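Written below as structure tokens is the structure these notes are about.
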There are 2 protein chains.
Amino acid sequence: MASKDNSVNIKSGGAKASGAYHHGDLRAAVIAAGLKRLEADDGGELGLRALARDVGVSATALYRHFPDKEALLDALADEGLRRLGARQAQAWLKAGGGRNGFKATGITYVRFAHEEPALFRLSFTRQMRERTVDVDNDGGEVAYKLLRAGVGEALPGVEDPDTAALHAWALVHGLAMLILDRRIEWDEEMVEQVVGLTFGGIC
Amino acid sequence: MASKDNSVNIKSGGAKASGAYHHGDLRAAVIAAGLKRLEADDGGELGLRALARDVGVSATALYRHFPDKEALLDALADEGLRRLGARQAQAWLKAGGGRNGFKATGITYVRFAHEEPALFRLSFTRQMRERTVDVDNDGGEVAYKLLRAGVGEALPGVEDPDTAALHAWALVHGLAMLILDRRIEWDEEMVEQVVGLTFGGIC
DNA sequence: CTTGCCATGTTGTCACTGTAAACATTTCGA
DNA sequence: TCGAAATGTTTACAGTGACAACATGGCAAG
């Protein structure tokens, strides 16, 4: 059986072909529209009706593709994690792996949260309800594997790699969250310093 | 001028004196009821009507004491921060200050998040809008001062205390958040280990 | 004590939300 | 070709935060 493609396919313009009753790929279009709204991040809630209007479809049409609003948000969250993972992988490569790459990975994490606040928050603040997850394609799972592998390669001699990985993750995640909630202000240099303290050194 | 008492005063039973038109101290009662609901943490939203019913008052009565729902949530959030700060101070003292006290402070932070998930999340996830804050009484401000002082006393020889403080805060905050969102499971021993890595050692 | 002001609480209502049910249209396989 | 399945629409309903108009009772001035 063909595994259901869960990733977003931003294909056509989005609006359905002017008067057509059926849309073509509503699910993808809705997710794309949702992401756009999250990028705009007016701070307000993400309502079904507004989303449906963006896509040019009636509100209840969304229920043909998602059991409820939560499921829709889950899909958006998942896409968020996938993007985060992609950017991190990219940063890792660009820095040439190793300790530098690991640090870049961490900084990218925080920067992502700062640049896409609503998406980042949505992605993580979502109470992981049991969705039958295709483990190989789950954004969160991918990101963690990357992290764990990074620890292995960047800090080869560390005594407890799992603890170290958790430490690193918690650090960047906390930094990201504190910035999102405006407990502390975004400051690239500061982030580099704080992250470097753990990711660069041994710890 | 008398500074307005912003803290919660859980005095009487809560329900207004059986048939009395006026309540006595509705504001405090509402906050107390709100905290109770957050402790129960059914996961659902905190609605004005439910809250009003708990206190035995009509929904719109709340608007005599809070400009809008956000303000009410702000008050709850503030109380949450105050409680967190109190517990941390207590832990600090119990551990006799110093490096041990500092570590205890950090663990208490994470434990608090685990024990009062809804309250913790509410307290931090709230977009710090400009409320004219009585700085000396603001929960968050108090907590940060405590942290900053802790770094000073626990790690006297550290090169950049501000960065170290941020590091410590981000670490425990990230740990707390990841646990709340079920990215990682609560595990007292694990927390001690991870926190100890930074708070105990130098870093 | 009386009177009237004003803080506080209530009722009614509005726009908006997620979502369910019934109906319409299109696509696609037998 | 034809009917079933997939997809979209309309209508409706209960619940939400919020506002305006009205009711009540405590309290201070006369």
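Reckoned from all heavy atoms, side chains included, excluding hydrogens, waters and symmetry mates. By convention in this document, chain letters (A, B, ...) are assigned in the order of the sequence lines, proteins followed by strands, and residues within each chain are numbered from 1. In this text the structure is predicted, and so the values were computed from the model without any measurement.
Scanning for ring pair (Phe, Tyr, Trp, His ring centres under 6.0 Å) contacts around B/His114 gives B/Trp186, with sequence neighbours left out. Legend: residues meeting salt bridge (charged side-chain N to carboxylate O under 4.0 Å, His left out) with B/Asp187, ordered by chain and number and at least two apart, are absent.
Between B/Ser58 and A/Tyr63, the residue anchored closer to the 5' end of DNA chain C is B/Ser58, taking for each the nucleotide with the nearest heavy atom. Checking B/Leu62 against A/Arg64, the closest nucleotide of DNA chain C that is more toward the 5' end is the one next to B/Leu62.
Nucleotide C/dT8 holds its C1' atom 6 Å from the NE2 atom of B/His65, rounded to whole Å. Atom pair A/Arg27:CZ and D/dT7:P shows a separation of 12 Å (rounding to whole Å applied). One can place CZ of B/Arg53 at 11 Å from P of D/dG17, the figure rounded to the nearest angstrom. The CZ-P distance, from B/Arg49 to D/dC19, rounds to 13 Å in whole Å. For the pair B/Leu51 CG and D/dG15 C1', the computed distance is 16 Å after rounding to whole Å. Rounded to whole Å, the distance from NZ on A/Lys69 to P on D/dT16 is 15 Å. Distance B/Leu48 CG to D/dG17 P: 4 Å, rounded to the nearest Å. For the pair B/Leu73 CG and D/dG17 C1', the computed distance is 12 Å after rounding to whole Å.
Closest contact between the side chain of A/Thr60 and the listed nucleotides C/dT19, D/dG8, D/dG17 involves C/dT19.
Minimum interatomic distance between B/Gly80 and B/Phe112 (heavy atoms only, all atoms of both residues): O-CZ, 3.9 Å.
Salt-bridge annotation for A/Arg37 and A/Glu116: absent, with no side-chain N of the basic residue lying under 4.0 Å from a carboxylate O of the acidic one.
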